[in-house]
Peer 1: 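Below: one structure in structure tokens.
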Amino acid sequence: MADRNLKIAMICGSLRKQSYNRKLMEVMIEKKPNHWQMKEIEIDTIPFFNQDVEAEGDPESVQQLKEAIDEADGVIVVSPEYNSGSPAVLKNALDWASRPAKGTVLKHKPFALAGASPGGAGTVQSQGQTRQTLLTLDAYIMPGPKIMVGSVHNKLSEDQSEIADEATIKRVEKFLGAFEEWMLHFK
Ligand SMILES: Cc1cc2nc3c(=O)[nH]c(=O)nc-3n(C[C@H](O)[C@H](O)[C@H](O)COP(=O)(O)O)c2cc1C
């Protein structure tokens, strides 16, 4: 039987052009199974969450965020760690997506978390915070395998344009395979 087509939404927690986390996301896109459709949700134009703005109706960027999450079979978040936590842009996007509290698109949505850092611990604390937020919202977060790429600056190709480390690439493949199983578990 042919593999079932799956839609995966991706959120990058870094807005930086040369982001290591974006490079990690690109490895995922490169290694994705053929029957996966992966699409990034742009979060850079989402305004700061404000209940007064929300009361007037979701801005277009927020509508797009919610629709993309709702339509997806699963969401992969690839994010840096800032000051031992998750970046504000990522938390902000999740706060918008968490609304309305009853009926959020995050409820029962399969999620997987990944991250890269030049530091040794590879975003463990950032992922912990994001996991806590998503748990509060009843999302289904894949427990493992985890992707926490430490010393990422030493894992690039010679021209620095991509992640070239074989062990990291193998781990990404394992992660994607596990996420497929995780998503199908809830379908
Ligand atoms: C405000 C700020 C705080 C940071 N805090 C951490 C941290 O707590 N842990 C860590 O591993 N790296 C930290 N870093 C370093 C980031 O991991 C590094 O800048 C990384 O390149 C950001 O991810 P990106 O390349 O995807 O943009 C911090 C960077 C910034 C700008």
Side-chain angles (χ1 to χ4, degrees), residues 8-32 36 38-50 61-62 64-65 68-69 72 74-98 106 109-137 139 141-176 178-179:
I8 289 81
M10 309 196 75
I11 299 176
C12 185
S14 172
L15 306 183
R16 192 169 81 88
K17 282 200 191 76
Q18 292 303 319
S19 159
Y20 295 129
N21 285 279
R22 181 162 298 283
K23 292 186 200 305
L24 181 57
M25 212 170 83
E26 281 158 9
V27 175
M28 292 183 187
I29 293 167
E30 164 100 21
K31 294 294 172 188
K32 78 173 181 63
W36 280 28
M38 292 178 105
K39 200 162 177 243
E40 182 179 355
I41 306 176
E42 309 286 346
I43 60 169
D44 56 336
T45 57
I46 297 177
F48 283 131
F49 181 76
N50 177 335
S61 56
V62 173
Q64 286 167 359
L65 168 78
I69 294 173
V75 182
I76 298 179
V77 175
V78 188
S79 178
E81 175 172 295
Y82 287 163
N83 300 310
S84 306
S86 46
V89 282
L90 173 61
K91 179 64 163 57
N92 185 54
L94 294 177
D95 287 341
W96 273 109
S98 73
L106 299 173
K109 184 64 63 178
F111 267 80
L113 310 181
S117 166
T123 74
V124 63
Q125 296 189 92
S126 168
Q127 287 190 40
Q129 269 196 1
T130 304
R131 183 174 294 267
Q132 192 54 51
T133 298
L134 289 169
L135 277 175
T136 303
L137 298 160
I141 309 147
M142 183 168 76
K146 296 186 166 70
I147 300 228
M148 295 170 179
V149 184
S151 304
V152 64
H153 57 299
N154 294 327
K155 294 176 176 167
L156 302 178
S157 56
E158 222 169 288
D159 67 358
Q160 312 279 295
S161 66
E162 57 187 3
I163 293 177
D165 177 57
E166 275 305 315
T168 303
I169 293 168
K170 278 215 172 73
R171 194 147 188 87
V172 165
E173 286 173 331
K174 197 170 157 201
F175 174 88
L176 297 178
F179 193 45

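Each ligand, and each atom within it, is numbered from 1 in the order the structure gives.
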Peer 1: How close does the nearest protein non-hydrogen atom get to atom 28 (C) of ligand 1, and which residue and atom is it?
Peer 2: E81 O, 3.7 Å

Peer 1: Ligand 1 and R22, any nitrogen or oxygen pair closer than 3.5 angstrom?
Peer 2: no

Peer 1: Which option wins on minimum heavy-atom distance to atom 18 (C) of ligand 1: G150, A121, P118?
Peer 2: P118

Peer 1: Look up atom 5 (N) of ligand 1 and tell me if a protein heavy atom lies less than 4.0 Å from it?
Peer 2: yes

Peer 1: Identify, for atom 27 (O) of ligand 1, the protein heavy atom at the shortest distance, and state residue, atom and that distance.
Peer 2: S14 OG, 2.7 Å

Peer 1: Under 4.0 Å from any heavy atom of P80, which atoms of ligand 1 are there?
Peer 2: 22 (C), 23 (O)

Peer 1: Can you list the atoms of ligand 1 that are under 4.0 Å from a heavy atom of S19?
Peer 2: 24 (P), 25 (O), 26 (O), 27 (O)

Peer 1: With a 4.5 Å heavy-atom cut-off, do E30 and V172 have their side chains touching?
Peer 2: no

Peer 1: I need the nearest protein heavy-atom contact for atom 21 (O) of ligand 1: residue, atom name and distance, please.
Peer 2: Y20 CD1, 3.4 Å

Peer 1: Considering all heavy atoms of both residues, which atom of N21 and which atom of A116 are nearest to each other, and what is their separation?
Peer 2: OD1-N, 2.8 Å

Peer 1: Would you please name every residue forming a side chain to side chain contact (heavy atoms under 4.5 Å, CB included) with L137, sequence neighbours left out?
Peer 2: S98, L106, T133

Peer 1: Looking at every heavy atom in both S126 and E81, which two are closest together, and how far apart are they?
Peer 2: N-OE1, 3.0 Å

Peer 1: Quick one: which ligand 1 atoms are inside 4.0 Å of a heavy atom on N21?
Peer 2: 23 (O), 24 (P), 26 (O)

Peer 1: How close does the nearest protein non-hydrogen atom get to atom 29 (C) of ligand 1, and which residue and atom is it?
Peer 2: Y82 CD2, 3.8 Å

Peer 1: Find all atoms of ligand 1 within a distance of less than 4.0 Å from any non-hydrogen atom belonging to S84, and give their numbers and elements.
Peer 2: 7 (C), 8 (O)

Peer 1: Under the side chain to side chain contact (heavy atoms under 4.5 Å, CB included) rule, collect the residues that match up with N154, sequence neighbours excluded.
Peer 2: S151

Peer 1: List ligand 1 atoms under 4.0 Å from S117, heavy atoms only on the residue side.
Peer 2: 10 (C), 11 (O), 12 (N), 17 (O)

Peer 1: Any non-hydrogen side-chain atom of M10 less than 4.5 Å from a side-chain atom of I29?
Peer 2: yes

